[in-house]
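Okay, structure first, notes after.
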Amino acid sequence: MQFYKPTADFFVPDGAPADVAIARTTHLCISAHQDDIEIMAYHGVAECFGRKDRWFAGVVVTNGAGSPRAGIYGDYTDEEMQKVRVLEQRKAAYVGEYACQVQLAYSSSEVKDPKGTAVVEDLKNILVAANPEVVYLHNPADKHDTHVGTTMRAIAALRAVRDRVKPKKVYGCEVWRDLDWLLDEDKRVLPVSARSNIAAALVGVFDSQVSGGKRYDLATAGRRLAHATYHASHGTDQESALNFAMDLTPLIEDPSLAVTDYVLSLVDRLRADVARRVNSVA
Ligand SMILES: [Zn+2]
């Protein structure tokens, strides 16, 4: 596969030829940074792990520049740190038995640029080659602007190839803002209890991030446990870990639907629900 950036990285954990590796994809995640996939789309990894008929592929659009550096990484230059982050993402792909791992190596500002056509072209090529059944993106209500920018570029790519690539589901997932606020009928509930050992290892390989003082490993598991416990007030927990997702499929099926209008319609439903509940007991 050819990508716009000469520094782009294409890794196939089991050594299959590149075209074969990507063509077997059934579940595809497009994320902003190294480690986002493992936080937001473990559902897809778990669905495919150890199977011959389903394959998970990961795409990271940015280059990992400007990462925090602490401990053994304290003396690293930004370039050295970018190499560490690429290697850590490859480790996760190996542990998770991904079909392939693409790292497109764009700067954050390039990804956030609404005129960033190179990012969209790369994503279109990946989508056509992978032809996924399920796509995982950042949710557009995330509070990290690079996450939102990545999702906007991915939606543009999905819309551009929608005559050739028709995923059954497109999910907006949780990293920097969870989706507990969605009404239950608007939530897409993603069970992630399977293989907690692999789930833990996937976030754990990003040592440069966890050593940087942020316990993403514990927080990611904690969020999933909290969702499983607090999702329903009645009955016992069927799952010990859940992620929530926003259904983004309508945005691909209807390219005239503005992303802002769609997301704010979900916010409005929360607003109306809060008002109804308070008023019912006032
Ligand atoms: Zn991120």
Side-chain angles (χ1 to χ4, degrees), residues 5 7-9 11 28-45 56-70 73 78 81-93 95-96 98 101-113 116 119 122-123 126 135-155 157 170-179 190 192 199-200 202-224 243-246 248 259 263:
K5 294 281 186 183
T7 45
D9 188 68
F11 175 60
L28 176 73
C29 178
I30 299 172
S31 77
H33 305 108
Q34 289 92 355
D35 82 1
D36 285 335
I37 291 171
E38 291 68 29
I39 294 169
M40 70 197 244
Y42 177 65
H43 177 258
V45 178
F56 179 87
V59 178
V60 173
V61 298
T62 68
N63 56 12
S67 302
R69 295 186 280 281
Y73 309 99
D78 199 48
M81 199 63 199
Q82 289 179 41
K83 291 199 177 88
V84 167
R85 300 211 64 189
V86 168
L87 184 58
E88 287 177 342
Q89 188 61 55
R90 283 178 164 223
K91 289 182 192 175
V95 170
Y98 298 178
Q101 174 66 57
V102 186
Q103 302 190 65
L104 292 174
Y106 288 94
S107 69
S108 289
S109 58
E110 287 172 317
V111 174
K112 287 185 284 189
D113 180 0
V119 184
D122 272 351
L123 293 178
I126 290 166
V135 176
Y136 302 85
L137 307 176
H138 293 286
N139 87 78
D142 193 288
K143 65 180 177 182
H144 194 310
D145 291 346
T146 310
H147 290 188
V148 179
T150 300
T151 288
M152 294 303 283
R153 303 295 89 75
I155 289 171
V170 180
Y171 294 121
C173 304
E174 305 171 299
V175 183
W176 286 105
R177 203 174 256 163
D178 75 14
L179 290 169
L190 307 179
V192 285
L202 284 172
V203 184
V205 299
F206 294 91
D207 181 65
S208 71
Q209 302 307 292
V210 175
S211 292
K214 299 286 276 181
R215 294 305 304 266
Y216 293 114
D217 52 343
L218 302 180
T220 299
R223 168 153 59 197
R224 293 171 185 164
N243 273 127
F244 297 136
M246 184 183 288
L248 302 182
V259 176
V263 176

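Every number for a ligand or one of its atoms is a count from 1 in the order of the listing. Please read all numbers here as calculations on a predicted model, not as lab measurements.
Aromatic ring centroids of H33 and H144 lie under 6.0 Å apart.
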*asked:* Go through it in stages, so that I can follow the logic: the residues are R69 and D78, the test is salt bridge (Lys or Arg N to Asp or Glu O under 4.0 Å), and I'd like the CA-CA distance, side-chain angles, deciding distance and then a yes or no.
replied: CA-CA 9 Å; R69 295 186 280 281; D78 199 48; 3.2 Å; yes
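Summary: ND1 is the N/O/S atom of H33 found nearest to the Zn ion (ligand 1).
With 2.8 Å as the limit, D36 counts as an N, O or S neighbour of the Zn ion (ligand 1). For H147, the nearest N, O or S atom to the Zn ion (ligand 1) falls under 2.8 Å. Residue H138: no N/O/S atom is found under 2.8 Å from the Zn ion (ligand 1).
A side-chain hydrogen bond (donor to acceptor under 3.5 Å, both in side chains) with N243 is found for exactly one of R224, R223, H43, namely R224.
L248 has its side chain within reach of P140: a pair of non-hydrogen atoms, C-beta onward, lies under 4.5 Å apart.
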